[in-house]
Structure formats: structure tokens, C-alpha cells
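Heads up, the thing below is written out as C-alpha cells.
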Amino acid sequence: MNKTEHFEKSLTLFERASKVIPCGIYGHVTPAATVPGAFPYFARRAEGCRYWDVDGHEYIDFLCAYGPNVLGYNHPHVEEAAARVQRDGNCLNHPTEWSVLLAEKLTALVDFAAWAVFGKNGSDMTTWAIQVAREHTGRRKILKVKGAYHGSHPWCTPGHGGILPEDRAHILEFSWNDPEDFTRALQEAGEDAAGVIISSFHHPIFGDSILPDPAFLKLIEESCHHRGIVFILDDVRSGFRLHLGGSHRHFGFEPDLICFCKALGNGHPISSALGREELRIAASRVFLTGSYWNSAAPMAASLAVLEILEKENTLEHMRRQGERLFEGLRSAAKKNGVKIRCSGPPALPFISFADETNFYRSQHFAAECILRGVFFHPHHNWFMCGAHHDRDLDHTLRAADEAFASVKKHFS
Amino acid sequence: MNQRAHLIALLNLEAVVPVLRDLGEISEEWRKSLQGLDLRLKIAFATEPWQEFVIRDGTIWDAENASSPNILALWFPTANQINRAFDNNPFAIALPWGNVGGLRQIPKITALLKDLETWLRPNEENLRKSGHLDAFTTITFRLLTRGAAILANNEDASRHLTQHGPYGLVLFSIAGNTHSSWVWLKPDETTSGRGTPPKTPDAEITFANTTVARTALLKKLDHQAAVGAGKIQIRGHATLGDLAGLVMERIDLYLKP
């Protein structure tokens, strides 16, 4: 069966989609970001760490919906918590008690946080966070890392359409793990530096993940502290995968504001920002709202997620399974005479092929894994979840072994 | 010097003029129009280096690969003058010099350059002629890749786009058409070329056929939808291809499409 037949329904649906939706599929889930034609385009259902595409193929999923699926798709306790609240009414004239309960829970988990607010997407929170930094300091400049993703709003989107130079007029960039470049950017901002926003590790698309140098983090933290700059941690991607109290605890630094999304809802739409007491007044002065931002069901789902993560020690499970995945992939690659690089923390692993900058091998490997029922993204960091069990990893590593053999044969 | 005029002149000299040679490689009809010409043709403006080709035996060669005893040099004293010439204004503003054998061929060269316009900006009737659509898409991609390198090296906005990378070589081709072109984005100097690239591409963008390629050139193609549907195949570093495309799109700000 050729690939067109293999993904017939996906391709047919895509053809229909292209007539009524710009791009057919847009944003980060665009087929253009994977291996077009060799990957499924549309999903049908999901359970645990597996999902099924519209053609009925089953995959062990190491992308986890780009992060949100932290406990396993369709987790019964989370779904029940959300459904129960949904029955009472989800989007109402007022917030519900669930918002208070969730804010109380989150501020108890995050060591420095005195308050929490809620939104729907990571971008909502990162954009609001830089506004809070500006409001608090009365300054304009925001420093961010080159190539870092903080969302799809004009100040940070990786896209180019509809963006004005003015949208980025007060955004300064510095290189990850480069103290000299950070110092240069800081000097450039001068007395006008309002905030520094970073992720806890660098995870660019089309690139290896790079863990932080502790001295680099220390420099940012101290510089922000001494100059009264708000230090923002964008923990949208890593939050609740490295440490329950925020990724800064895992890497040992102290931000002033933290943004969560993805794993917070295990698929239910919710994001959150938490901050220090000193930022409460500024936070109260930056308008924040959205039609569905007070919805109760996602908040109830979040509380269930946090409870399960804590009770079942899911983070340790993800770390252990991620390490096993790294180890197994290294071993399978070596057996097949293929050199790979493993990067990122085990709970958010990624591999690329050594001495390769064009991703041809990565794309071939990922496409071969897809045919064997394993979903690895060729260019974007992966995600482990609580539902990745040993039997899933056994299947995955067998598939990877065959895929590495195919890479070796194809590129010899 | 007016920076915009200078950029347009560079594009005309280094991206448009080499279309003369590109057409010589790909169009039998164009080669026929070269019959009877035998000269080394040099074109430049102000103090920019000469673009040099040798036209003889019904084809056009890069100057280093052939020779002719006849020389014709067309020098435009200013950027504005070469721009006016390539904007379809009278050609006479170039200062010609050379030897007798070269100068004698001015009328034919003038006609040839005028004819170039119909290849670069063909009407629908011209495109229906055999081989014209293929030739148009090929020369346009070559012009765009050369233009992208010129802008990446000389235009502030393009430098801003490319300053943080990614860097690498992007190969553009049309399935079934062997006349590919490439642009190699680099932190120091971006280069471009045609045919087999000097290194393994970091991104390969292949249009399924000439019609898809032309639709893309006319900016009437939903690129992501086309990629998903297999009308454009992307292999390798897709964001590098996007970046090259963004710079190529800026050429329209300077040259009439």
C-alpha cells in the first residue's frame, strides 16, 4: 500500500478542509511541520498514550497533543470531574468556586506565588505577563531568547504575516546560555528594561533542546533582582512535567511570574499565570478577560489533574520512562550503526541525527515509525505522559529499531 | 546615492541580466534568436562589476567558459539609468564601447534585450506557446534566487529577517524539470546559483508541476494547503525554506512582477 492509500481519509478530509479553511490545517499542527504525505493529518479519537487517525491507524503518541496530554488521553477521573461541573453549567455570568479552589491549589504548589489568574492558551498568559511587567516597572523593554517560542501574539509569533515593526519595537533578543549576549541586551535596554521572559530550557523547533547553564540562570535572576526587572518564566511547555511547583524548582532559580498551560488541563482548555505578592497591584491593573476564560469545567479538570499528578507521582514516572526511551533509542541506533543525539530532559525528550543539519534522517526515521504505529515528531521536542507504560515502550523501541535500520539502509 | 535605486539596479544587473544566459540554456526558441551573434557582452552600472557573457554558436556562455574576438560593453553611468532601461524605457541611455566587431552588433543586442521583456513578463498568449510556461517558471525562480541573495546581502529588511538564521542551502525545483536553482543563506554572505548545488541542500522545495509553480509565483497559492496536498514537496528544514521565500517575496517591492 502506498502512502496516499495509507492516509486516504486524512488526505480526502484535507482536500475538503483546504476549500473552507485557509491552509487546510493551520498553526503548529500544520502538516507542513511534520513530513507531509507520510504523516496522518486528522485524528479521530484517543485513549491513554494512544490515538487513532481518521484512517483507523493506531499510534503510541510521543507528542501528547503538543504537551497537554500529561496523564493520558481521556483520563476517567479528569473527564468525570469536568463532566460533573459541565452538567451544572460551564460558562456562566460569574466565575464559580472552582476558580477560587484552583487558584488556592496553584498558589500552594508554586513556592513564590501569592495569586493566580486564568486564561485559555499559553499566549494569553505570556502576553498578559509582559503587560504586568510593564505596568509594574513603568518601563517598556522586554528581553527574550532568540528562537524561543512564547506564543502566537504579534510581539512573539514566529509567523511574519500582519506583523508591524512597531509590534517588536520594544522586544530585545539574546542568545540562550550566552551571558555576554544577555548582558549586551540588558545594556541596550538600559533603564527601560521591564521584563525578561525565558523558558526553563531552550526547545526550538528544528533544533536540539538545550538545558540551562546554572550560571546563566543565576545571571538573569540576579540582574532582574538588582535592576527591578520582572523575571517571567514561560512554563507553558514544561510545567507539571519537571516539577509540580514549576520548572524553576527543577533547575534551581526564582522567577517573579510563571505561566502555565498545556499539562494543566490534560486537554481541557485552561492556562494560568501566577506571581509574587509585589506584582499583585500591577496584575490588578492589567485588563484580562475572554468569553470563555471563566469556564468552570476546565478548572475542575485542572484540579483533578493536579491531584492525580501529586497522588500518583506521575512526574517521576515520566522521568523514568523518558530515560528508558532515551536509553533504548541510543542502544537501537548504535546497533544499527546510526549516530543520534539525545537532548532535553527525559520527560520532554528529543533525538536528532548526529552530523545532520537538514533533518533528512529525522524525517525518514519519523515516517518509518509512523508506519509502525509510533508517533515521533521529527522537528519538535517530544512529551512523555503518565500513560506511557513498559509495554508501550517495548513496542516503540522495536519500531525504532526497524526505523533506524531503514535510515541506515536509505542513507548508506 | 539613493539606496532604493541602487538596490533595484543591483537586481537588474545581477538577477535580471543573467536571464539572457538562463534562456540560452533552456529555450530552443531563444537560442534561435541568438543566431548570427558573436561577441563578448559586458553590462554594468556605475562602479559595479561587469556582468559578462559570450554569445556565439547560437548559445550564451558564462564569460569564463568561452571567448569571442568581438566586444560590446554597455555601461550605465548611474543606477537610475540602468533601471530606466530595464523598466522598458529607451535603451539608448547606455554608453556603448568595445571594438568594431562588437559595436556592429548593437542593433541585434538591443532587439534581444527588448525581446527579453516578453519572456520575463509574458502575457497569457505567450505562455500558451510551446515551452514558454516552463521557461517562464524556470527563469523566474532563477531570478528570484539570485534576487534573494542580493537582498539578503544588501537590504536592511532582508538582513533583519535573516540575521538570526536559520542558515543553509534551499533548492527550488519543479518535478520533471532539471533546471533547478538554489539560494544559500549564510551569516556572512548569501549566495545563489543554478543546477547542482555545491553542498547537500538543507531544504528542498519541489513544485509538483509548472502550473503549481506559476500559481505560487503569482501569489495565488495557499502554500500550506499545497504542501499538505503534495502539490509542493518540502524535504528538510522547512523553516529555512519559509525564510528564503520571505526574502524572495520582497523582490516584488523593487522589480515589477
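Within every chain, numbering begins at 1; the chains are lettered A, B, ... in the order of the sequence lines, protein sequences first and strands thereafter. Basis for what follows: all heavy atoms, side chains included, without hydrogens, waters or symmetry-related copies.
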Could you look at [X] and say if it's the side chain, the backbone, both or neither that has a heavy atom under 4.5 Å from chain B?
X: A:E356; result: neither
X: A:Q363; result: side chain
X: A:F206; result: both

Where on [X] is there a heavy atom nearer than 4.5 Å to chain A: the side chain, the backbone, both, or neither?
X: B:Q233; value: neither
X: B:A238; value: both
X: B:L169; value: neither
X: B:P201; value: both

Going by an N to O cut-off under 4.0 Å, is there a salt bridge joining A:K146 and A:D181?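 Salt bridge between A:K146 and A:D181, a charged N being under 4.0 Å from a carboxylate O: yes.
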Pairing of B:R250 and B:D156 as salt bridge, 4.0 angstrom limit: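 No, B:R250 and B:D156 are not salt-bridged.
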Compare all side-chain heavy atoms of A:D53 with those of A:F7 and state whether any distance is below 4.5 angstrom.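 In short, these two side chains touch, coming nearer than 4.5 Å.
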Pairwise side-chain contact, B:N12 with B:L255, heavy-atom cut-off 4.5 Å (strictly under):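 A side-chain contact exists here, since the closest heavy-atom pair is under 4.5 Å.
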Counting heavy atoms not belonging to A:E15, are there more than 12 under 6.0 Å from its CD? no
Is it true that, when you exclude A:Y26 itself, more than 12 heavy atoms of the residues, nucleotides or ligands shown sit nearer than 6.0 Å to its OH?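 Count not over threshold, so no.
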Between chain B and each of A:C23, A:S10, A:S362, count heavy-atom pairs under 4.5 Å; write down the option with the most.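 Option with the greatest count: A:C23.
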Shorter than 4.5 Å, heavy atoms on both sides: which option in B:I234, B:T239, B:D242 has the most such pairs with chain A? B:T239
Verdict with reasoning, A:Y66 to A:F383, per ring pair (Phe, Tyr, Trp, His ring centres under 6.0 Å): CA-CA 7 Å; A:Y66 286 80; A:F383 297 88; 7.6 Å; no
